[in-house]
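Position 1 is the first residue of the sequence, and the numbers go up from there. Computed from heavy atoms alone, side chains included, the values below leave out hydrogens, waters and symmetry copies.
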Amino acid sequence: MSLTVRPYPNRPSPDDPVPVIRKRLASGGYRPGQALPTGLIAHRLQTTTEAVKAAMTELAASGEVEYRFTGEHGPGYYLPGGRR
């Protein structure tokens with residue numbers, strides 16, 4: 001058995017931001033229809049935009065977020081339920 005030591009023992013791995021993003025979406029931090037800025041989310045989670053985009057792709061596949069080509073703020077990920 002190996003032990004992985006991280007600076008924040010209760011913090012999920014930055015390589016898998018899906019659980020953290022899912023928790024933030026569920027907490028009501030974003031309104032339906034709101035754009036989800038991948039760069040800002042990556043900065044707040046101290047991870048890469050590539051990791052956040054991969055997480056958003058996974059969340060879009062499960063219907064938790066959606067990708068819009070013509071969203072209010074341009075192409076990107078949005079929380080479902082708002083204006084289109």
Side-chain angles (χ1 to χ4, degrees):
M1 182 173 140
S2 65
L3 176 66
T4 303
V5 179
R6 295 187 190 142
Y8 304 99
N10 295 326
R11 184 175 180 185
S13 167
D15 296 330
D16 184 19
V18 172
V20 178
I21 294 171
R22 186 174 279 137
K23 183 178 177 181
R24 288 186 181 197
L25 294 175
S27 72
Y30 293 99
R31 295 179 315 279
Q34 184 174 357
L36 303 170
T38 55
L40 183 59
I41 292 170
H43 176 74
R44 288 181 178 162
L45 298 180
Q46 297 179 347
T47 190
T48 64
T49 55
E50 290 80 11
V52 171
K53 287 179 183 179
M56 291 294 187
T57 299
E58 183 177 327
L59 293 169
S62 66
E64 295 173 74
V65 302
E66 58 189 23
Y67 186 86
R68 296 183 192 167
F69 290 99
T70 57
E72 183 178 344
H73 298 284
Y77 292 96
Y78 292 79
L79 193 61
R83 293 181 300 181
R84 291 183 185 233

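Nearest heavy-atom pair, Ala55 versus Pro17, reported as atom, atom and distance to 0.1 Å: CB-CG, 3.8 Å. Listed here is the closest heavy atom pair of Gly63 and Pro80: O-CG, 3.8 Å. Closest of all the heavy-atom pairs between Tyr30 and Arg44 is OH-NH1, 4.3 Å. Scanning both residues, Ile21 and Met56, for their nearest heavy atoms gives CG2-CE, 4.2 Å. Taking both residues in full, the closest heavy atoms of Gly81 and Arg68 are given as N-NH2, 4.4 Å, listed atom of the first, atom of the second, then distance.
Inter-residue side-chain proximity for Leu36 and Leu25 is flagged as met; some heavy-atom pair is nearer than 4.5 Å. When side chains are defined from C-beta on, Ile41 does not count as touching Arg24, because their heavy atoms never get closer than 4.5 Å.
Taken together through direct or relayed side-chain contacts under 4.5 Å among Ile, Leu, Val, Met, Phe, Trp and Tyr, Tyr78 and Leu59 form parts of separate hydrophobic clusters.
Note that the CG atom of Leu40 and the CG atom of Leu45 stand 9.5 Å from one another [nearest 0.5 Å].
Ring geometry for Tyr77 against Tyr67 counts as perpendicular: the plane angle is over 60°, on a 0 to 90° scale with 30° as the lower cut.
Considering only residues two or more places apart in sequence or on other chains, Arg22 meets the salt bridge (Lys or Arg N to Asp or Glu O under 4.0 Å) condition with Glu64.
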